[in-house]
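Some notes on the structure that comes next.
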Amino acid sequence: MSVTILGIETSCDDTSAGVLQDGVLLSNVTYSQEIHSKYGGVVPELAARGHQQKIVPVVREALCVAGICGKELSGIAVTFGPGLSGSLLVGTSFAKGLSLSLNRPLIAVNHLHAHVLVHFIEVKGQEYAPPEFPYLCLLVSGGNTLIIQVRSPTEMHIIGQTLDDAAGEAFDKCAKAIGLPYPGGPCVSKLAEKGDPMAFRFARPNVSGYDFSFSGLKTSFLYTLRDAFGGDTHLIQPRIADLCASLEHTIIEILLKKVAAAVDTTRIPRVALAGGVSANETLRLRLREKGQHEGWKVYIPERDLSTDNGAMVALNGYLLYTEEALKNSSACSCLPFSRTTLEPAYREM
Ligand code: KG4
């Protein structure tokens with residue numbers, strides 16, 4: 001019998017729902033809140049209210065596009081954290097209500113695990129080639145910058161992380177300083193297309209191991225605005241593309257340098273990219289080129305699976321659901337996933 005999972009994601013400012021059948025993508029519907037752009041960052045209270053308004057239409061549309069009715073679902077997966085508490089509460093409360101009314105299991109999914117395993121979603125008409133274990137995942141988003149050694153779907157070890165700002169945060173904060181709206185990453189990368197990546201040189205961190213730091217880069221960016229333009233936005237305008245291209249170039253250099261060091265030491269030549277910043281075209285290109293040059297296998301998610309989305313939550317729900325189903329049919333010895341069960345998931349929520 002097929003396993004059909006609805007995944008719901010509301011950890012930050014995207015209300016998203018996706019449906020997967022036996023791991024194959026049927027739908028992925030995302031509503032990105034625009035209200036935050038004028039505040040230069042996500043306002044938690046507004047984000048929670050936005051989810052309240054959109055959760056029903058987004059879930060309805062995801063089911064409709066998938067051609068699935070509620071009764072056909074095997075389970076409902078939802079992000080339980082990490083994320084903004086008000087936003088998470090909307091998604092988890094909605095999912096709980098749906099699970100009770102349909103009498104289907106509720107599966108709690110860790111947001112970061114969902115990003116890391118996004119490459120295991122099967123998309124019709126595309127070759128299915130997920131990473132082999134173990135692999136390294138560079139998870140770059142608005143809240144996280146991590147290098148994770150992924151040994152199995154449930155065994156993940158963080159080997160590097162940011163000591164201050166995340167890469168997405170660096171994009172967003174620098175973008176705000178030059179008058180661009182939130183989220184700054186997509187605006188910076190659009191403007192960077194016409195700029196010179198070597199026009200400005202910003203400070204690079206001197207952090208040992210595989211850890212990252214972006215706060216020095218942010219300060220150096222602000223000093224450049226002050227020293228070269230006296231902070232005057234009119235003077236910045238003609239050079240905005242060069243500023244964006246140089247910023248993007250520096251962030252990507254910092255990321256790739258640490259990934260290369262991690263591959264060298266772990267001797268794992270498989271690198272997967274995940275998280276919102278992985279939508280960045282230049283990062284995708286540079287990682288592909290680096291992979292070709294160094295002989296790594298590189299895995300890059302589709303753009304709408306890079307940022308927060310319900311499909312990645314459904315995939316994790318599917319893995320957890322099938323693990324539990326296999327256990328119940330006493331086939332434990334051939335379980336592909338060994339740790340998480342549905343029970344703690346219920347309790348944690
Ligand atoms: O994973 P994600 O959707 O959610 C959170 O972390 O909340 O990531 C959002 C982050 C933001 O910082 C945004 O600026 C960044 O991803 N981002 C990008 C691009 N698209 C989104 N950064 C650089 N280039 C992009 N094209």
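Sequential numbering from 1 along the given sequence is applied to the chain's residues. Every value quoted in this text rests on a predicted model; they were computed, and no experiment measured them. All ligand and atom numbering here is 1-based and tracks the order in the structure.
The side chain to side chain contact (heavy atoms under 4.5 Å, CB included) test with L88 is passed by exactly one of C12, S11, S93, P82: S11. Across E248, E281, E253, a single residue satisfies salt bridge (Lys or Arg N to Asp or Glu O under 4.0 Å) together with R286, and that is E253.
Of the N or O atoms in G276, one or more lie within a sub-3.5 Å distance of an N or O in ligand 1. Between E169 and ligand 1, not a single N/O pair is under 3.5 Å apart. Here's the thing with D172: one of its N/O atoms is less than 3.5 angstrom from an N/O atom of ligand 1. The shortest N or O to N or O distance between P183 and ligand 1 is not under 3.5 Å. Ligand 1 has an N or O atom lying under 3.5 Å from an N or O atom of G142, backbone or side chain.
For the 3.5 Å distance criterion, the side chains of Y210 and T265 qualify, holding a donor opposite an acceptor.
Both the backbone and the side chain of D308 come within contact range of ligand 1, each with a heavy atom under 4.0 Å. Under 4.0 Å from ligand 1, heavy atoms of P186 appear from its side chain as well as its backbone.
Under the side-chain hydrogen bond (donor to acceptor under 3.5 Å, both in side chains) criterion, the residue pairs touching residues 212-221 are D164-S213, D164-S215, D165-K218, with sequence neighbours excluded.
Each of the following atoms of ligand 1 lies closer than 4.0 Å to a heavy atom of G143: 6 (O). Of all atoms in ligand 1, numbered sequentially from 1 with element shown, those under 4.0 Å from a heavy atom of C12 are 7 (O).
The two residues I300 and R288 come nearest to each other via the heavy atoms CD1-CG, 3.8 Å.
The closest approach between H115 and ligand 1 falls below 4.0 Å for a heavy atom of the residue.
When ring centroids are compared, F171 and F221 stay outside the 6.0 Å threshold.
Alongside M1, the hydrophobic cluster contains no other residue (criterion: ILVMFWY side chains under 4.5 Å).
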